[in-house]
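Numbering of residues begins at 1 and proceeds along the displayed sequence.
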Amino acid sequence: MQRSLLACAVLAAFALPTLADNGVVVYGKMTLGVEAASATGATLANQNIERRMRVTDGASTLGIRGSEEISDGLSAYFQIETQIKPDDSCGFAGCSTTGKMSSLGQVDDRYASITSPHTGASRFANRPSFVGLRGGWGQIQFGRMDMYYEKHVPNELHLLRTGLNTTALAVLGSNQLTNAVAANDTVVAQKTFNAALTPIITNALGVNTPVNAIITKALADGIGAAYAEGKTPAQILAGAAGGVTALVSNPNIAAVLMQNGLTPQQAGAAIGGALQVAASQVFAPGTALNQQVLNQARAYTVQNGFYFVGHRYNNVIQYRTPSMGGLTVLGAYHTREEKGQDGVAYVLDPSLSNAGATRKIDPWGAELTLHYMQKGVFASLSLMHDNDPYAMGGALDSAQGIKAAYGMYFTPNTRAGVVFERQINKYNAALGFDDNVRDAWVISGSHKFSPKIEVIGTYAVALDAEMHGVKNRESGAKYAQLTGIYTLSARTNLFLTYAKVANEAEAAYNFYVSGAVQPNGDIQSAQFSPRGANPTSIQLGMNHNF
C-alpha cells in the first residue's frame, strides 16, 4: 500500500500539466508541529500520561479533484482525498492493531494505534471521496462522506474555526465518553470478574453455600481493582491468594463452610487451585474464559457508555439544493453492508441475556441539514439518525444527534459563534434501559490584529450525561483552546496553540486531532483517553496549503 501511494504521488507530480489541462487538480495541505502533550489527573493514577515531546500532524491531506461540463447547466465532478499523516504514515484512522495483545487478549481495533507504522498502513481515499452531478437543480453525489459531525463549521468563512491542531470536536460528537472496553476501569473490571468467578467458586467448593457470593464478590473486587491498577497476572494471583486465606479464616465464613462439610483449609485449597486454573485461561488470549471476560467487559461498557453519532461514513448518497437566498438544504443517507447479522452481540452479560433482545440488525443512517450563509452571518441546524449502530452490536435501537450553530462577523476582523448539541442513545427495547442523553455547547471567537496576526479562542462544555434516566454527576468535561496565527503568505502560516480538556472522574474526552497517547506510547487517537485525565497540548507548527 505504501508503495502504491508513493507511485500515485510520483505520477501526480509528473502529470500535473496534463491533469490541469483536463480540469483535474492536485491539492492538499501539510500541517505539522512540535508538541508537548500530557494527560494527568486520571481517576486511576497509574494511567497518567506524563508530558512528552512529539512531532504531531494536524490532519494533513492530499487530494485530487476535477469536473467536466457535460451540457449547459450540467457537469460531473469527483474528489479523492486521503489523510496522509506525514509524521508517521499511518493515516487518520490509524495503523491496524491486529495481532497486538494485552494481558486480556487481542487489543480492540476501535483503539487503533497511529504511532506504530509497522503495524499497518494508511488507507487510500480515507477522507471524503465521491463522484457526482450538479446543475440548476442542485447536486447529488455518491461515496465516502462526512455526515453531521462537522456541520457546525462553515468552511466558507471559518466563523467557528478553532485551532489548527485541536478543535471543539473534542467535546462535541464523535468522541468517547467512557474508556472501559477491555475491563481497564475499576468498576467494570470488578463486575466483570464477579460474573466470571461466580461459577468457578461454586464448582471449587462443590456446594452452593450462603457465603459463596460473599467470597466471590470479595475476590472479584480485589482482582478487578488490581487489574485496573495495571498489575501483572502474577501480582494479581499473589494478592488473591492472600485474600482467600483471609476470607476462609473469617470466623463467620468458616462457620458456614463447616456447616456445609468444608474445613477452612479445604475451602482455601480448593478456591486457590481454581483461581490458578482460571487465571491461566483468563489471561491466555483466545481461550473461552478469556473471551467471556472480554465480552462481559464490553457488555458493561455498552450498558454504561455512550455512543456518539456523526463521523465519516462509507456508502453515502447525498443531495444538496441550490442556494435559496443563502439557504441550502442537505440530505444524506448511508447504508452498511452488515445487515441481517444477529444482535445483541454482548449476551454474556447477565443483564443483556434476554432472548428477546436478539434480533436481526439493520444499520443505516440519515442526515438532514439546513445551512444559511449570507452577508457575514452563518446559521445551521443539523439532525442525524443512526439506526442500529453496528459498533454497538444491536444493543442500541438508534442514536440521534441535533446540532444548532450561529456565527457572525461583528467587524471585518472580528467574528464569533456558538454551537449547541444534544445526543441521544435509545437502547434495544427488550433490554429495558432508559435513554442516554448528553448536551454540549461551544463558544468561539477570533480577531485579526493585523493582516498577518490573528488570535482564535474557544471554550466548550460537555455537560454531565444522563445514563438510563439518572444523571451521572462525574461525566462532564470542559475544553479551552487559544491559538495565535502568523500569516507568511496566502498559503502558508505559523501557529502556536495551547489546548486543554478537563475531564471529570468518569469522562474520557480527548483532542479530536492527535489525542494524548496511552502510557505505552502505542495509542494516539480521538477515541482514547484515560478516564478522568486532562489532556493538555502546547504546539508550535506550520501550515502550508497547496
Side-chain angles (χ1 to χ4, degrees), residues 42-47 101-107 180-300 348-350 519-520 531:
T43 302
L44 300 176
N46 67 298
Q47 292 189 354
M101 309 305 291
S102 72
S103 58
L104 275 184
Q106 185 168 309
V107 173
V181 170
N184 52 5
D185 170 81
T186 301
V187 174
V188 172
Q190 289 173 333
K191 288 182 177 180
T192 298
F193 283 108
N194 188 80
L197 288 177
T198 296
I200 292 171
I201 299 300
T202 298
N203 289 337
L205 294 176
V207 60
N208 190 7
T209 78
V211 295
N212 282 29
I214 297 173
I215 293 172
T216 299
K217 185 178 186 307
L219 291 175
D221 286 353
I223 291 171
Y227 178 77
E229 291 170 6
K231 293 185 177 179
T232 66
Q235 291 172 323
I236 292 172
L237 275 174
V244 170
T245 301
L247 283 167
V248 298
S249 300
N250 180 287
N252 294 326
I253 292 177
V256 174
L257 291 172
M258 287 188 287
Q259 288 172 7
N260 286 271
L262 290 169
T263 68
Q265 293 78 11
Q266 290 172 325
I271 294 172
L275 289 179
Q276 289 283 343
V277 173
S280 68
Q281 298 176 45
V282 168
F283 298 109
T287 66
L289 191 55
N290 171 262
Q291 195 60 48
Q292 176 188 347
V293 170
L294 283 175
N295 285 342
Q296 285 171 334
R298 293 184 180 117
Y300 286 120
L348 288 175
D349 184 307
N520 64 13
R531 187 190 297 268

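Annotation: side chain of N250 is not in contact with side chain of V211 (no heavy-atom distance under 4.5 Å). No side-chain heavy atom of V282 sits less than 4.5 Å from a side-chain heavy atom of P233. For the pair I214 and V256, the minimum side-chain heavy-atom distance is 4.5 Å or more.
A donor-acceptor pair is defined here as one N or O able to donate and one able to accept, closer than 3.5 Å; no such pair exists between the side chain of S249 and the backbone of A246.
When all heavy atoms of N260 and P210 are compared, the closest pair comes out as ND2-CD, 4.2 Å. Of all heavy-atom pairs between A220 and F193, the closest is CB-C, 3.8 Å. Nearest heavy atoms, V248 versus A254: O-CB, 3.5 Å.
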Less than 3.5 Å apart, which donor and acceptor atoms pair up between the side chains of residues 200-208 and the rest of the protein, not counting sequence neighbours?
| residue | atom | partner | partner atom | Å |
| --- | --- | --- | --- | --- |
| T202 | OG1 | T198 | O | 3.2 |
| T202 | OG1 | N212 | ND2 | 3.4 |
| N203 | ND2 | P199 | O | 3.1 |

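Screening residues 232-247 for side chain to side chain donor-acceptor pair (under 3.5 Å), with sequence neighbours left out, gives T232-Q235. Each salt bridge (Lys or Arg N to Asp or Glu O under 4.0 Å) pair with one or both residues in residues 206-220, not counting sequence neighbours, appears once here: K217-D221.
With sequence neighbours left out, Q266 forms a side-chain hydrogen bond (donor to acceptor under 3.5 Å, both in side chains) with T263.
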| request: Go through I271 and L247 one step at a time and tell me if the side-chain contact (heavy atoms from CB on, under 4.5 Å) criterion holds. | output: CA-CA 11 Å; I271 294 172; L247 283 167; over 6 Å; no
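To the nearest 0.5 angstrom, I223 atom CD1 is 5.5 Å from L275 atom CG. Interatomic distance, CE of M258 versus OG1 of T209, reported as 12.5 Å (0.5 Å rounding).
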